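Computed from a predicted structure; not experimentally measured.
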Amino acid sequence: MSNDMKKKLKLKVSAIKDGTVIDHIPAKNLFTVITILGLDKIENQITFGTNLDSGKLGTKAIIKVSDKFFENDEINKIALIAPHAKLNIIRDYEVVEKKIVKIPEVIKGIVKCFNPKCITNHEKISTCFSVISKESLELKCKYCEKITSQDQIKMY
């Protein structure tokens, strides 16, 4: 491969000096991750790419956020829609830490209750679920106790 070709490939997503890189996001879930993390509401520099080649996923998305380091609880929300996502913490252009997402025990305010009669679908009450299965992803609503399965999950 020529040097010009290598430079062109590197330019797809530029490096950041300090911040977080979220990699291995399924391409179709890129904007959901952006919404869940509130990246559409912050002023930091954000670079994202989608439909990038991936050996594991076929295509993937990547998000780079300058000068932002997420708390574990924030990051673990990603596991609901991107269970294979990985985070690289960047300082001075070097990866100083790698994190793997995990599904949290409790999920608040990001998933809608599947039960149309649940109070959270009629009043201004934030949803709250306990995770009863991480393998098949089943969430139990705190208010109506109905189980929302992975194929029924809808995000706010």
Side-chain angles (χ1 to χ4, degrees), residues 12-52 54 56-115 118-121 123-156:
K12 279 187 176 177
V13 185
S14 64
I16 57 174
K17 183 177 186 285
D18 296 299
T20 305
V21 176
I22 307 168
D23 198 2
H24 299 288
I25 302 166
K28 66 180 182 172
N29 294 339
L30 170 66
F31 294 103
T32 305
V33 171
I34 289 172
T35 302
I36 284 174
L37 295 176
L39 299 178
D40 52 339
K41 296 174 183 140
I42 64 173
E43 294 186 7
N44 302 47
Q45 179 183 4
I46 299 169
T47 308
F48 63 85
T50 189
N51 296 323
L52 303 170
S54 168
K56 288 181 185 174
L57 302 173
T59 59
K60 68 175 183 178
I62 188 170
I63 303 171
K64 296 183 175 195
V65 186
S66 293
D67 302 315
K68 174 80 175 162
F69 303 96
F70 298 97
E71 298 296 324
N72 285 340
D73 287 353
E74 291 176 291
I75 295 307
N76 290 339
K77 292 176 186 174
I78 298 170
L80 296 174
I81 52 168
H84 303 292
K86 294 192 172 107
L87 280 89
N88 293 321
I89 309 303
I90 310 293
R91 297 206 189 266
D92 201 23
Y93 297 103
E94 297 290 328
V95 176
V96 295
E97 186 180 352
K98 292 185 177 222
K99 294 184 178 182
I100 296 174
V101 298
K102 293 182 207 165
I103 296 173
E105 298 296 324
V106 176
I107 298 166
K108 294 181 178 177
I110 58 170
V111 175
K112 293 178 93 173
C113 183
F114 136 86
N115 177 9
C118 181
I119 191 168
T120 60
N121 288 318
E123 309 234 350
K124 289 194 173 192
I125 298 172
S126 182
T127 58
C128 183
F129 295 91
S130 56
V131 177
I132 58 172
S133 172
K134 292 185 179 182
E135 284 81 39
S136 60
L137 194 57
E138 293 179 330
L139 311 175
K140 184 175 181 180
C141 179
K142 174 183 171 183
Y143 300 100
C144 71
E145 300 189 341
K146 295 283 185 189
I147 308 296
T148 300
S149 61
Q150 188 166 23
D151 59 331
Q152 297 168 320
I153 288 179
K154 290 187 179 169
M155 306 279 180
Y156 282 107

Checklist outcome for this item: From the list Lys64, Glu97, Lys98, side chain to side chain contact (heavy atoms under 4.5 Å, CB included) with Asn88 holds only for Lys98
If you define the side chain from C-beta out and look only at heavy atoms, does anything of [X] sit under 4.5 Å from [Y]?
| X | Y | answer |
| --- | --- | --- |
| Lys17 | Asp92 | yes |
| Leu37 | Val65 | no |
| Ile90 | Val95 | yes |
| Phe129 | Thr120 | no |

Shortest non-hydrogen contact from [X] toward [Y]:
| X | Y | value |
| --- | --- | --- |
| Lys146 | Asn115 | CG-ND2, 3.5 Å |
| Ser133 | Ser136 | OG-OG, 3.0 Å |
| Lys60 | Asp23 | NZ-OD1, 3.0 Å |
| Ile119 | Tyr143 | CG2-CB, 3.9 Å |
| Leu52 | Ile62 | CD1-CG2, 3.3 Å |
| Pro83 | Val101 | O-CG2, 3.7 Å |

Are the side chain of [X] and the backbone of [Y] linked by a donor-acceptor contact shorter than 3.5 Å?
| X | Y | result |
| --- | --- | --- |
| Asn29 | Ala82 | no |
| Asn44 | Ser66 | yes |
| Asn51 | Ala27 | no |

Supply the atom-to-atom distance [X] [atom1] to [Y] [atom2], rounded to the nearest 0.5 angstrom.
| X | Y | atom1 | atom2 | value |
| --- | --- | --- | --- | --- |
| Ile22 | Lys99 | CD1 | NZ | 11.0 Å |
| Ile132 | Ile147 | CD1 | CD1 | 3.5 Å |
| Ile100 | His24 | CD1 | NE2 | 10.0 Å |
| Thr20 | Arg91 | OG1 | CZ | 8.5 Å |
| Ile63 | Lys68 | CD1 | NZ | 13.0 Å |
| Asp151 | Lys154 | CG | NZ | 10.5 Å |

Checklist entry - Do Phe70 and Leu39 pass the side chain to side chain contact (heavy atoms under 4.5 Å, CB included) test, and can you show the C-alpha distance, the side-chain angles, and the key distance before you say yes or no? => result CA-CA 11 Å; Phe70 298 97; Leu39 299 178; 3.7 Å; yes
Pair up each side-chain donor or acceptor in residues 102-114 with any protein partner under 3.5 Å, not counting sequence neighbours, and list the distances.
from   : atom 1 : to     : atom 2 : distance (Å)
Glu105 : OE2    : Lys134 : NZ     : 2.8

Next on the checklist: Under the rule for ring-ring contact (aromatic ring centres under 6.0 Å, His included), what residues qualify as partners of Phe31, not counting sequence neighbours?
Outcome noted: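 Applying ring-ring contact (aromatic ring centres under 6.0 Å, His included) to Phe31 gives Phe48.
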Next on the checklist: Counting only heavy atoms not in Ile42 (residues, nucleotides, ligands), do more than 12 fall under 6.0 Å from its CD1?
Outcome noted: yes
Checklist entry - Can you tell me if NE2 on His84 sees more than 12 non-hydrogen neighbours from other groups inside 6.0 Å? => result no
